[in-house]
Amino acid sequence: RPRALSGIQPTAGSFHLGNYLGAVRQYVALQETHDAFYMVVDLHAITVPQDPAELRANTRTAVAQLLAAGLDPDRCTLFVQSHVPEHAQLGWVMNCLTGFGEASRMTQFKDKSAKHGANQTTVGLFTYPILQVADILLYQANAVPVGEDQRQHIELTRDLAERFNTRFGDTFTVPAPHIVRETAKIYDLQDPSAKMSKSASTAKGLINLLDEPKVSAKKIKSAVTDTDTVIRFDAEEKPGVSNLLTIYATLTGTTIADLEQKYEGKGYGALKTDLAEVMVDWVTPFRARTQEYLDDPETLDAVLAKGAEKARAVAAETLAQAYEKVGFLPAK
Ligand code: AQP
């Protein structure tokens, strides 16, 4: 089986709809076809200021949501990044292989550092894509399910894997991004030209999966569309309506063409009312399942202990090879 690897941050208490449709849904699908490793990337979460107690709670909530979304610990390896120290260890090696200019070209860093300001921007935020390279290469992953915003980081991963292999001999699998075009970028409900994002979206533009269902329904109903009245998919001319159609089709397993037909001659109000209902029907059981996992900390801890053990077995082997290749003296 090919390997898949991906990670999700525990920075907010709740995943948002973009995280789910762009990434987590693909995690669930790939556990059927791949030897899949998924982790909650707490090391990445401290690249911006964090409250320790909140980080611990959010890490648990992230794991509970991944389970609620359909990850099955018997079919994939689910773990917390900091439980596998090899990430930080290989991260250092990768830091030493990356050009400063190369790292400076990461657009996500440019956006985030501009937002935080020079004094609030840590070196950790700068090198976070390089730690992500180590995250992926440790597992010799073939496929990395992510949203469009991560494409550049996967390119960096490929470059560094190839660079290491060329310089030191074949060591790492060169991974490919697994980006599902239709849902690769879910847009802000209030600004359909921007990505739905936990840090950049306004509260009304962002659907948090763990919010009260009626709050999410209201956000759908007040989504920005356009002054036209026809319901059809056109990402250029009608980004707001197209975003709603994408969300609707994906959550219900229908096609956009079917939806266009269903809403022929109907107004935006009808589409929004129905999608709001779809949203409520989806988030209600999702929230309940998440809560069930949170209410059972022993099971959750057992899942993570088993996941960390499985992950470490793979990560330790890769790290040992990489350490040997770069010339570190083996510890006796
Ligand atoms: N709007 C989106 N559409 C599709 N996929 C998305 N992802 C994020 N936003 C969208 C994907 O979700 C996965 C987890 O992302 P993360 O843990 O790195 O979270 P993030 O990138 O911090 O989420 P945000 O909201 O994008 O945070 P900020 O605002 O801080 O940048 C990734 O695979 C990502 O592609």
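As the structure lists them, so they are numbered: ligands from 1, and atoms in each ligand from 1.
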Output the rest of the hydrophobic cluster of L55: all Ile, Leu, Val, Met, Phe, Trp and Tyr residues reachable through side-chain heavy-atom contacts under 4.5 Å, sorted by chain and number.
-> I46
Under the 4.5 Å side-chain heavy-atom rule for ILVMFWY, direct or indirect, which residues accompany L131?
-> L43
Select all protein residues for which some heavy-atom-to-ligand 1 distance is less than 4.0 Å, and list them by chain and number.
-> I8, Q9, H16, G18, N19, G22, A23, K112, V146, G147, D149, Q150, T183, A184, K185, I186, K195, M196, S197, K198, S199
Taking only residues two or more places apart in sequence, or in another chain, which ones meet D211 in a side-chain contact (heavy atoms from CB on, under 4.5 Å)?
-> N208, V215, S216, K219
Pair F15 and Y20, ring centroids less than 6.0 Å apart = no
Using modelled atom types only, decide if a donor and an acceptor are shared between the side chain of Q132 and the backbone of I154 within a distance under 3.5 Å.
-> no
Side-chain H-bond candidate by donor/acceptor type, S82 with D42, under 3.5 Å | yes
